[in-house]
Trainee: 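Structure provided below as structure tokens; questions to follow.
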2 protein chains.
Amino acid sequence: MTADLDAQVAARLQAAGHRFSSSRRELVEVLRQAGQPIRIVDVLDSRPHLAQSSVYRNLAVLEAAGVVRRIVTGDDYAHFELAEALTEHHHHLICAQCGTVSDVTLPAEVEHRLDAALPELAAARGFVLDHHRLDLIGRCERCTTTDR
Amino acid sequence: MTADLDAQVAARLQAAGHRFSSSRRELVEVLRQAGQPIRIVDVLDSRPHLAQSSVYRNLAVLEAAGVVRRIVTGDDYAHFELAEALTEHHHHLICAQCGTVSDVTLPAEVEHRLDAALPELAAARGFVLDHHRLDLIGRCERCTTTDR
DNA sequence: CTCAGTGCAAAGGATTTGCATGCCG
DNA sequence: CGGCATGCAAATCCTTTGCACTGAG
């Protein structure tokens, strides 16, 4: 699994004309371990020896190479996760209070409905559809129990 | 229509303990006229006499009062539109190139599927669902014709 | 050797905030 | 009058950038 992931990442980076440096390897590893979208602060916390600017720069490189996806929620911090090409299509549960983002997968049937309906909806507006994104916004368990 | 909108906005502001000042009236009017989500820069362009800080502040007040919805796309600027309570439930077409946001309505049937599926999906994760948001990301007509 | 990658510090830039003044209720 | 609203300018703070150094190929 991990070996396979490494190979895919290496291939994508190479295709984009970049190296698979140890910092980048670490970033991918942190994201893989996290299993859910995390912020750059979190990355820096778990890998204190990484320079902030390098993390920002490398995540940008990895994003451009299609290895990583940047998630902007409206929370102060952007979140990052492995791109769907390396995982699988999914959506996000976003806590409006603490900003945490976690993954959800729609029932296949619903997803199919969307895939069937969205392209023509976009086309009707002269839009070339690239992808869609569905977020469920609410309050996570921790925030509802801790209350206010 | 407009009179009705005014009344609703006034009521919501009052309920939140705020005044329906002329600046706020103008903001609502700009958003109504726009008919699609716009950025603060656009507001300032069309109403140069409004102070930037007041626009930011008032949009925050209007958002808290449930009159306005802030849309964060990942583009540099946030977009604003009238809240769904004053319009109707809809989603967004986002141009990945120029950042423009426009409204779309899903076929009722698809929307129903979502409404049926999402709550339990969220509940299964200990999440209290507030609302969902579906964005179609692609390239708008202007950007595809102008190309690159 | 060459050039991408790294780290530190400084710059950027949308948004927020402090504070004095204006104005509605 | 009292307190919210407004404007100007300054401060915030996540993110980006400049620049000199390091290291892989």
Side-chain angles (χ1 to χ4, degrees), chain A residues 6 9-30 37-45 47-65 67-80 98-101, chain B residues 6 9-30 37-45 47-65 67-81 94 98-101:
Chain A
D6 254 42
V9 173
R12 284 174 181 269
L13 276 174
Q14 186 156 48
H18 292 290
R19 298 180 193 152
F20 195 11
S21 67
S22 61
S23 303
R24 290 175 187 164
R25 203 175 290 269
E26 263 188 275
L27 278 179
V28 171
E29 179 56 17
V30 173
I38 56 176
R39 307 165 305 165
I40 286 184
V41 202
D42 303 321
V43 175
L44 295 173
D45 282 351
R47 292 287 202 284
H49 58 95
L50 293 177
Q52 190 194 50
S53 62
S54 295
V55 172
Y56 272 101
R57 253 189 294 238
N58 282 328
L59 284 174
V61 167
L62 290 168
E63 184 185 16
V67 174
V68 154
R69 184 213 264 175
R70 176 194 309 253
I71 303 163
V72 179
T73 58
D75 187 29
D76 284 337
Y77 301 83
H79 288 67
F80 294 85
C98 70
T100 300
V101 182
Chain B
D6 255 41
V9 174
R12 283 172 182 269
L13 276 175
Q14 186 155 51
H18 293 289
R19 296 179 193 153
F20 195 11
S21 67
S22 60
S23 303
R24 290 175 187 164
R25 203 174 291 270
E26 263 187 275
L27 279 180
V28 172
E29 178 56 17
V30 172
I38 56 176
R39 307 165 305 166
I40 286 185
V41 201
D42 302 322
V43 175
L44 294 173
D45 282 351
R47 293 285 201 286
H49 57 97
L50 293 177
Q52 191 193 51
S53 63
S54 295
V55 172
Y56 272 101
R57 253 189 295 237
N58 282 329
L59 284 174
V61 167
L62 290 168
E63 185 185 15
V67 174
V68 154
R69 184 212 262 174
R70 177 195 308 253
I71 303 163
V72 178
T73 57
D75 189 28
D76 284 337
Y77 300 83
H79 288 67
F80 294 84
E81 68 178 1
I94 301 175
C98 69
T100 299
V101 182

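Everything quoted here is computed from the prediction, not taken from an experiment. Protein chains get the first letters and strands the later ones, always in sequence-line order, with residue 1 at the start of each.
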Trainee: What's the CZ-C1' distance between Phe20(B) and dA5(D), to the nearest Å?
Mentor: 14 Å
Trainee: Could you tell me the separation between the CG atom of Leu50(A) and the P atom of dG5(C), rounded to a whole number of Å?
Mentor: 15 Å
Trainee: May I ask you to decide if Leu62(B)'s main-chain N or O and Arg24(B)'s side chain share a donor-acceptor pair within less than 3.5 Å?
Mentor: no
Trainee: Report the distance from atom CD1 of Ile40(B) to atom P of dG13(C), rounded to the nearest whole Å.
Mentor: 17 Å
Trainee: May I ask you to verify if any side-chain N or O of His18(B) is less than 4.0 angstrom from the OP1 or OP2 atom of dA5(D)?
Mentor: yes
Trainee: Does some side-chain heavy atom of Glu81(B) sit less than 4.5 Å from a side-chain heavy atom of Ile71(B)?
Mentor: yes
Trainee: Look at the side-chain N and O atoms of Tyr56(B) and state whether any lies under 4.0 Å from the OP1 or OP2 oxygen of dT16(C).
Mentor: no
Trainee: Among dT17(C), dT16(D), dT6(C), which is the nearest nucleotide to the side chain of Ser23(A)?
Mentor: dT6(C)
Trainee: Are any non-hydrogen side-chain atoms of Asp42(B) and Arg39(B) less than 4.5 angstrom apart?
Mentor: yes
Trainee: Once you apply a heavy-atom cut-off of 4.0 Å, does Ala78(B) come out as touching a base, just sugar-phosphate, or nothing?
Mentor: sugar-phosphate
Trainee: For Tyr77(B) and for His49(A), find the nucleotide of DNA chain C with the closest heavy atom, then tell me which residue's nucleotide is more 5'.
Mentor: His49(A)
Trainee: Counting only side-chain N and O atoms of Ser54(A), is one of them less than 4.0 Å from OP1 or OP2 of dG7(C)?
Mentor: yes
Trainee: For Arg39(B) and dG13(C), give me the distance from atom CZ to atom C1', rounded to whole Å.
Mentor: 14 Å
Trainee: Establish, with yes or no, whether the OP1 or OP2 oxygen of dT6(D) is under 4.0 angstrom from a side-chain nitrogen or oxygen of Asn58(B).
Mentor: yes
Trainee: Do Phe80(B) and Ile40(B) come within less than 4.5 Å of each other through their side chains, counting heavy atoms only?
Mentor: yes
Trainee: If we only count heavy atoms from C-beta on, is the Phe20(B) to Arg25(B) side-chain gap below 4.5 Å?
Mentor: yes
Trainee: Heavy-atom distance under 4.5 Å between the side chains of Val28(B) and Val68(B), does that happen here?
Mentor: no
Trainee: Nearest of dT6(C), dC8(D), dC14(D) to any side-chain atom of Ala51(B)?
Mentor: dC8(D)
Trainee: Can you tell me how far C1' of dT6(C) sits from CZ of Arg25(A), to the nearest Å?
Mentor: 17 Å
Trainee: On DNA chain C, nearest-nucleotide positions of Ser22(A) versus Gln52(A): which is more 5'?
Mentor: Ser22(A)
Trainee: Would you classify Ser21(A) as touching base, sugar-phosphate or nothing, given that sugar-phosphate means primed atoms plus P, OP1 and OP2, and contacts are heavy atoms under 4.0 Å?
Mentor: sugar-phosphate
Trainee: Nearest whole Å is fine: how far is dA5(D) P from Leu62(B) CG?
Mentor: 10 Å
Trainee: Taking atom P of dT15(C) as reference, at what distance in whole Å does atom CD1 of Ile71(B) sit?
Mentor: 13 Å
Trainee: Is the shortest side-chain N/O distance from Ser53(A) to OP1 or OP2 of dC8(C) below 4.0 Å?
Mentor: no
Trainee: Tell me which nucleotide among dT6(C), dG23(D), dC4(D) gets nearest to the side chain of Arg19(B).
Mentor: dC4(D)
Trainee: Without decimals, in angstroms, what is the distance between Leu44(B) CG and dC8(D) C1'?
Mentor: 14 Å
Trainee: Spell out yes or no: do the side chain of Arg57(B) and the base of dG18(C) have one donor N/O and one acceptor N/O closer than 3.5 Å?
Mentor: yes
